[in-house]
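Beneath this line is the structure, given in structure tokens, with notes to follow.
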There are 2 protein chains.
Amino acid sequence: MEYASCSTCLLKSKAVKSLGENELHILGQGCVQTVFKKGETIIKQGALSSNIIYLQTGLVKLMIDGSHRTQILRMKKAPCYLGLPTTMGDKINHYSAVALKKTTACFVDINVFKELLKISPEFSYEIIVELCKNELEQFNRYVRLVQNQIYGRLATNLLYFSNEIYLSDEFKLPLNRTELADLVCTSRETISRQLTELAEEKIIDIDGKHLRIVNKSLLEEISKKG
Amino acid sequence: MEYASCSTCLLKSKAVKSLGENELHILGQGCVQTVFKKGETIIKQGALSSNIIYLQTGLVKLMIDGSHRTQILRMKKAPCYLGLPTTMGDKINHYSAVALKKTTACFVDINVFKELLKISPEFSYEIIVELCKNELEQFNRYVRLVQNQIYGRLATNLLYFSNEIYLSDEFKLPLNRTELADLVCTSRETISRQLTELAEEKIIDIDGKHLRIVNKSLLEEISKKG
DNA sequence: AAAAAGGTGTGATTAATATCACAAAATCCA
DNA sequence: TGGATTTTGTGATATTAATCACACCTTTTT
């Protein structure tokens, strides 16, 4: 069947399960699945895009190469959609997406995607909810990033890893110190000093990239209050 | 007819025009129109919410009262939707919305709203596009806010007024110096000094709240490079 | 009109963070 | 294994912006 690759890639999405054979056929015709190794680029900033990307498995970092510094915007963990705002907006990718580990991505043509929205109210509702949750999550984090000083920004991002990405108080940082600085928008030296300080205060335990949050409520305090 | 208030409030929305009489009837049953004076609160941070708000006319500021400082997040100009991410997410308003001038708002019950999404693909498509544009616009601004220093942050926000709110290079600032500081996340004194500096560099002309952008390309340069 | 309250500008001082310079540690690779 | 390369930590210094203090101006209130 022509929609074989699609039933592989999208059936994990609850809403897609509700699609009938006809809809799956439409989807299948505009759908390509690709596997990316760690470090490979899935979306390239500045490139024209006509695809929504459904991430089946894996973890990516979204980043912007600005005129005076590189910024890491956030992680995205499968399963999720990528590129929705960009593709619905002005068609040019505003960020790059790079795999942090082996990642399987499914490229769905935007026109096929629009067709599906019209055919399946379930599907469009799922997309809206995902977008809303996403906007809210990102918004809250960015509000804190802007209003906080570095110590608070770092706390916010460590909690982000713990609560949104790894769902655990103990994990291996997916970024080195320079990349962590690019996420927090500060310098590598400052990150290094602040991590040491958080460890001295017995709020975290850190050994290289291995990190454990010891006093989560205090870390939340710092994230909130600056 | 029972949906009179609704045909008043929502018919300006292109997608709603495509709704039939039955759908309008559903909408009308969950729709209340209210007029707010300058300074009045439309949405209250922390309150439970079960409404999507359609702003018919006017201008509002969205703000967060944080634990250690107040932040003004952005303006929203009619016509637009308010509270979509919050209401679809965890039901509690993450921000307050305060009218900056006389504003007409239409409260649509979230369940009615969900019904409409299912009934009208046109309607849900319009919502998704609005959300996407919004997320993109906010995201780009916040990325710059985080990575820039104050001079660049101020430039970014003046451009935001010019390009997104007033669609003109000359306008009356809707905020006083303290509020401007809350938007840029800095202190009143710093805002005052930086505005003077921008004027000395002949990039803007400022007299009280009346502002004119003289050298827009240079302002964009500053917004991009920090 | 006088008094009170709020908004704005500016100098002096302090605190936070970036930058520079270099050493130590970890990782890669032939 | 040993040398090369990359990553990380840390002191010294420079820069940026917050804070404090106060004067001046505008608007509101009585």
Side-chain angles (χ1 to χ4, degrees), chain A residues 37-39 61 66-72 98 100 144-158 172-201 204-211 222-223 225-226, chain B residues 37-39 61 66-72 98 100 144-158 172-201 204-211 222-223 225-226:
Chain A
K37 278 177 273 185
K38 181 178 175 179
K61 63 175 176 183
S67 40
H68 72 301
R69 81 190 305 168
T70 295
Q71 186 172 349
I72 295 179
V98 175
L100 286 172
R144 289 197 181 163
L145 289 190
V146 174
Q147 65 180 207
N148 279 358
Q149 291 176 301
I150 304 299
Y151 202 58
R153 287 192 197 183
L154 179 55
T156 300
N157 278 295
L158 294 185
K172 184 166 166 269
L173 282 169
L175 310 172
N176 65 28
R177 299 294 190 270
T178 303
E179 290 173 309
L180 213 49
D182 289 339
L183 181 69
V184 178
C185 273
T186 182
S187 64
R188 181 187 60 77
E189 296 92 326
T190 300
I191 282 291
S192 177
R193 280 185 254 259
Q194 305 272 28
L195 280 174
T196 306
E197 194 171 332
L198 280 173
E200 276 169 2
E201 303 282 340
I204 62 168
D205 240 19
I206 188 157
D207 177 21
K209 283 188 174 146
H210 184 264
L211 191 141
I222 293 167
S223 167
K225 299 214 170 146
Chain B
K37 278 178 272 187
K38 182 179 174 177
K61 63 174 175 182
S67 41
H68 72 302
R69 80 189 305 166
T70 295
Q71 185 171 351
I72 295 180
V98 175
L100 286 171
R144 287 192 184 168
L145 289 190
V146 174
Q147 65 179 209
N148 279 357
Q149 291 176 298
I150 305 298
Y151 202 58
R153 288 192 197 182
L154 179 55
T156 300
N157 278 295
L158 295 184
K172 184 166 166 270
L173 282 170
L175 310 173
N176 66 26
R177 297 294 190 270
T178 303
E179 289 174 309
L180 213 49
D182 288 338
L183 181 68
V184 178
C185 272
T186 181
S187 65
R188 181 188 60 76
E189 296 93 325
T190 300
I191 280 292
S192 177
R193 281 185 252 261
Q194 305 272 27
L195 280 174
T196 306
E197 193 172 332
L198 279 172
E200 275 169 1
E201 302 281 340
I204 62 168
D205 241 18
I206 188 155
D207 178 20
K209 282 189 174 147
H210 184 265
L211 191 141
I222 293 166
S223 167
K225 300 214 171 146

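Quick note: numbers below take in every heavy atom, side chains included, and nothing from hydrogens, waters or symmetry partners. Proteins get letters first, then strands, A, B, ... in listed order; numbering begins at 1 in each. Since the model is a prediction, treat every value here as computed from it, not as a measurement.
Side-chain contact check for T196(A) versus E200(A): some heavy-atom pair is nearer than 4.5 Å. Inter-residue side-chain proximity for V184(B) and Q194(B) is flagged as unmet; no heavy-atom pair is nearer than 4.5 Å. Put simply, the side chain of L195(B) reaches to within 4.5 Å of the side chain of I204(B), judged on heavy atoms. Two residues are said to be in side-chain contact when any heavy atoms from C-beta on lie closer than 4.5 Å; N148(B) and L154(B) fail this criterion. A 4.5 Å side-chain heavy-atom check between L198(A) and L158(A) finds at least one atom pair inside the cut-off.
In this structure, L195(B) places its CG atom 10 Å from P of dT8(C), rounding to the nearest Å. The distance between atom CG of D207(A) and atom C1' of dA26(C), rounded to the nearest whole Å, is 12 Å. The CG-C1' distance, from L154(B) to dA18(D), rounds to 16 Å in whole Å. Following rounding to the nearest Å, R153(B) (CZ) and dT16(D) (C1') show an atom-to-atom distance of 12 Å. The interatomic distance linking N148(B) (CG) with dT16(D) (C1') rounds to 14 Å, in whole Å. Rounded to whole Å, atom C1' of dA16(C) lies 9 Å from atom CD of Q194(A). Between the CZ atom of R69(A) and the P atom of dA18(C) there is a distance of 7 Å, rounded to whole Å. One atom, CD of E197(A), and another, C1' of dT17(C), lie 13 Å apart when rounded to the nearest Å.
Annotation: of the two residues near DNA chain C, R177(B) and E189(A), the 5′-most nearest-nucleotide partner is R177(B). Taking for each of R193(B) and L175(B) the nucleotide of DNA chain C with the nearest heavy atom, the 5'-most of the two is the partner of L175(B).
Heavy atoms only, all atoms of each residue included: E179(A) and P174(A) are closest at OE1-O, 4.3 Å.
Phosphate proximity of dA18(C) to T190(A): present, with a side-chain N or O under 4.0 Å from OP1 or OP2. The side chain of T178(B) contributes no N or O atom lying less than 4.0 Å from OP1 or OP2 of dG7(C). At dA17(D), none of the side-chain N or O atoms of T186(B) fall inside 4.0 Å of OP1 or OP2 (strictly under the cut-off).
Comparing the local axis fitted to the first five base pairs of the helix from dA1(C)-dT30(D) to dA30(C)-dT1(D) with the one fitted to its last five gives a bend of 40°, rounded to 10°.
For Q149(A), the listed nucleotide lying nearest its side chain is dT17(C); candidates were dA18(C), dT17(C), dA21(D). Candidate nucleotides dA21(C), dT17(C), dT19(C) were compared by shortest atom distance to the side chain of R188(A), and dA21(C) ranks first.
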